[in-house]
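Notes follow the structure.
On a predicted model such as this, the values are computed, not experimentally measured, just so you know.
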Amino acid sequence: MRLFTTVAGLRCYLKSVQKKQPVATDSAESTIGFVPTMGALHTGHLSLIERACQENQIVVVSIFVNPLQFGVNEDFGRYPRTLERDRTLCEQAGVDVIFAPTVAEMATVPPIQTRVQPPAEMMSGLCGVVRPGHFEGVATIVTKFFNLVQPDRAYFGQKDAQQLAILQQVVRDLNLPVTIVPCPIVRETSGLAMSSRNQYLSDEERIKASALYRGLSQAKKLFRSGERVSATLVQAVKQELEKVPSLQPEYIELVDPMTLKSLDTITDEGLLALAARLGSTRLIDNTILRDRRPIIAIDGPAGAGKSTVARSVAKQLGLFYLDTGAMYRALTWFVLEAGVDLRDEPAVAELAHQCEIDFQTDTAIPVVLVNGQDVTQAIRTPEVTAHVSTIAAQAAVREALVKQQQSYGRRGGIVVDGRDIGTHVFPDAEVKIYLTASIQERARRRQLDLKSMGQPAANLADLEQAIFERDRKDSTRTISPLRKASDAIEIQSDAMSVADVLNTIVSLYQEKTASLSLDSLEI
């Protein structure tokens, strides 16, 4: 692991790393994952770092207490600085580079001349009321880091939900070539959200601070029981906080998670956020209240039977099977129809963002539409089949289709299969399955499939070698690598029939929905 304190050192290192440009193949590229921090690392930070290490070849962690985001009477001077401890934790986690510049090196000595100005309406509410200039300071320094590190992905915790929404807007508005990856809140055993400022709390104060989580939990239970009115949900939090007189709430509000606009009622989803002071310590927390049916995400290696099982699960539970394979076929058909060279990535990227794919599910066989045109049969031609892998390997294609897939996810009630559904496309899916089988079993199944189709008998050893190579390629590719989500339930299907796997997943779904219902009763 390298430690740099100067812009020159960091840039020299990054230039020395061979970073290939995306190409229409499955060859691995060096991607950079970036985790910006102010140091005093805790388990929450380490969860971001761990995910960055899983998803990237190079991981850069910044440690910089940014003066631009502290107000006049805030704790810039006493904010915990533990660089040696942080350095050890990063090295143990597999970080490649720590960037720990001085204030002077980052040219952030006020008054800095150039600043990033996010939308005023996103900064004016919630924490912005008592921290004027804070989010402008955050956006400015994070944009500087993005320019220096030039990461492919940057990882931020959901605990700082307002910051997350603002930075996502900055990236969209400025067309910055980085993917913001939101990561779940990590909590102490009491429920208190992990924060570097928790170090300020005494043992007694930590116990009192857990009321923040209890209040949010009470509101979440009300929401699961059917309550959608903001005032009622906010009142549930207030009542819990009032049991701890030393907790002084600054705000408890329900807002849209993306725009941060205040909500009177929840139609799709809402961010219930709060801030409170306990002694001299300011604490924030939040929860997402999402009104949707659960999502089932099924990942796993090729030949594990994901699509067959996913279709059956959707049919039995009355859910919508989101056929991602059909989406890639539909785009391939669209590119072929346009007469564009399939390896002309800029031209394909243009078409990918002009191709609106939809499904009609009120028919016996779902109808696939491209910009309103029925292409259900057209996408199954040998020509499309021969070229779909070329299209699917392109980064711009993945980006465009993942956005469309996620739009279906907002409705919920879907079953999706793939190799990165639970880790990337729907990381908040309620039921995550990793369906797998041994290479030997998958080769045996493939051999039987070929025989049933009347094709020449395949050598089992050759099939095993081909599957081994496919697994290696799928797990090491940069675009959409095969990963098992940390919270996925693994199903090893060697000794299971399709019916056995189906029943297992249906039972897991029913247990999950039942547990949600029980939670709503424990008020």
Side-chain angles (χ1 to χ4, degrees), residues 22-26 297-315 319-409 414-421 424-426 435 446 449-450 453 455 470 473-474 477 479-482:
V23 291
T25 70
D26 288 335
I298 303 177
D299 289 315
K306 301 185 298 293
S307 296
T308 300
V309 168
R311 291 177 189 275
S312 300
V313 168
K315 184 176 180 180
L319 304 176
F320 170 56
Y321 172 61
L322 180 57
D323 190 345
T324 58
M327 297 181 76
Y328 285 101
R329 284 177 169 273
L331 180 56
T332 303
W333 172 87
F334 190 60
V335 174
L336 290 169
E337 282 291 294
V340 167
D341 181 349
L342 274 65
R343 295 186 181 276
D344 183 349
E345 291 199 35
V348 172
E350 282 271 302
L351 292 173
H353 286 81
Q354 296 168 359
C355 179
E356 199 65 40
I357 302 167
D358 208 347
F359 296 88
Q360 283 183 356
T361 58
D362 55 354
T363 55
I365 298 176
V367 174
V368 184
L369 303 172
V370 170
N371 296 338
Q373 180 179 348
D374 184 349
V375 297
T376 309
Q377 299 303 319
I379 66 174
R380 299 297 172 183
T381 64
E383 185 181 17
V384 169
T385 301
H387 295 103
V388 67
S389 61
T390 301
I391 293 296
Q394 299 182 28
V397 167
R398 290 274 174 180
E399 179 186 355
L401 293 193
V402 164
K403 286 181 180 178
Q404 292 196 37
Q405 291 159 16
Q406 289 172 335
S407 71
Y408 277 97
I414 63 174
V415 183
V416 200
D417 66 274
R419 61 172 175 258
D420 68 339
I421 304 300
H424 177 60
V425 184
F426 296 115
L435 180 61
R446 180 60 178 160
D449 287 343
L450 292 171
M453 292 186 289
Q455 297 189 19
R470 175 69 183 271
K473 188 179 293 186
D474 283 349
R477 68 173 72 211
I479 302 170
S480 184
L482 172 65

Name all residues meeting the ring pair (Phe, Tyr, Trp, His ring centres under 6.0 Å) criterion together with Phe320; count only those two or more places apart in sequence or in a different chain, and write none if there are none.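 For Phe320, the residues satisfying ring pair (Phe, Tyr, Trp, His ring centres under 6.0 Å) (neighbours in sequence not counted) are Phe359, Tyr408.
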Who pairs with [X] by side chain to side chain donor-acceptor pair (under 3.5 Å), at least two apart in sequence or on another chain?
| X | answer |
| --- | --- |
| Thr376 | Asp374 |
| Arg470 | Asp474 |
| Asp299 | none |

Worked check of side-chain contact (heavy atoms from CB on, under 4.5 Å) between Asp420 and Leu482: CA-CA 6 Å; Asp420 68 339; Leu482 172 65; over 6 Å; no
At what distance, to the nearest 0.5 angstrom, does [atom1] of [X] lie from [atom2] of [Y]?
| X | Y | atom1 | atom2 | value |
| --- | --- | --- | --- | --- |
| Gln360 | Ile365 | CD | CD1 | 13.0 Å |
| Leu369 | Ile357 | CG | CD1 | 10.5 Å |
| Lys315 | Tyr321 | NZ | OH | 14.5 Å |

Would you say the side-chain atoms of Gln394 pair up with the backbone N or O of Leu342, donor to acceptor, closer than 3.5 Å?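 Yes; judged by distance alone, with no hydrogens or angles, the pair exists.
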Return yes if some donor-acceptor pair links the side-chain N/O of Arg398 with the main-chain N/O of Ala392 below 3.5 Å, else return no.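 Present.
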Using side-chain contact (heavy atoms from CB on, under 4.5 Å) as the criterion, list what pairs up with [X], not counting sequence neighbours.
| X | answer |
| --- | --- |
| Val388 | Tyr328, Arg329, Thr332 |
| Thr381 | Glu383, Val384 |
| Glu337 | Trp333 |

Salt bridge (charged side-chain N to carboxylate O under 4.0 Å, His left out) partners for Lys403, two or more places apart: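 Lys403 satisfies salt bridge (charged side-chain N to carboxylate O under 4.0 Å, His left out) with Glu399 once adjacent residues are dropped.
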Grab the two heavy atoms, one from [X] and one from [Y], that are nearest each other, plus how far apart they are.
| X | Y | value |
| --- | --- | --- |
| Ala330 | Ile379 | CA-CG2, 3.6 Å |
| Leu435 | Pro301 | O-CD, 3.3 Å |
| Ala310 | Asp417 | CB-OD1, 3.7 Å |

Donor-acceptor pairs under 3.5 Å, side chain of residues 349-356 to any protein atom, not counting sequence neighbours: which ones?
residue, atom, partner, partner atom, Å
His353, ND1, Ala349, O, 3.1

Residue pair His424, Val402: steps toward the side-chain contact (heavy atoms from CB on, under 4.5 Å) verdict: CA-CA 9 Å; His424 177 60; Val402 164; 4.2 Å; yes
Taking the side chain as every heavy atom from C-beta outward, state whether [X] and [Y] have any atom pair closer than 4.5 Å.
| X | Y | result |
| --- | --- | --- |
| Arg380 | Thr385 | no |
| Val375 | Phe334 | no |
| Pro346 | Asp344 | yes |

Any pair with a residue in residues 302-311 that passes salt bridge (charged side-chain N to carboxylate O under 4.0 Å, His left out), sequence neighbours left out, goes on the list, sorted by first then second residue, please.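 Listed once each, the pairs are Arg311-Asp323.
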Pick out which of Leu322, Val425, Ile298 makes a side-chain contact (heavy atoms from CB on, under 4.5 Å) with Val416.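 Option passing the side-chain contact (heavy atoms from CB on, under 4.5 Å) with Val416: Leu322.
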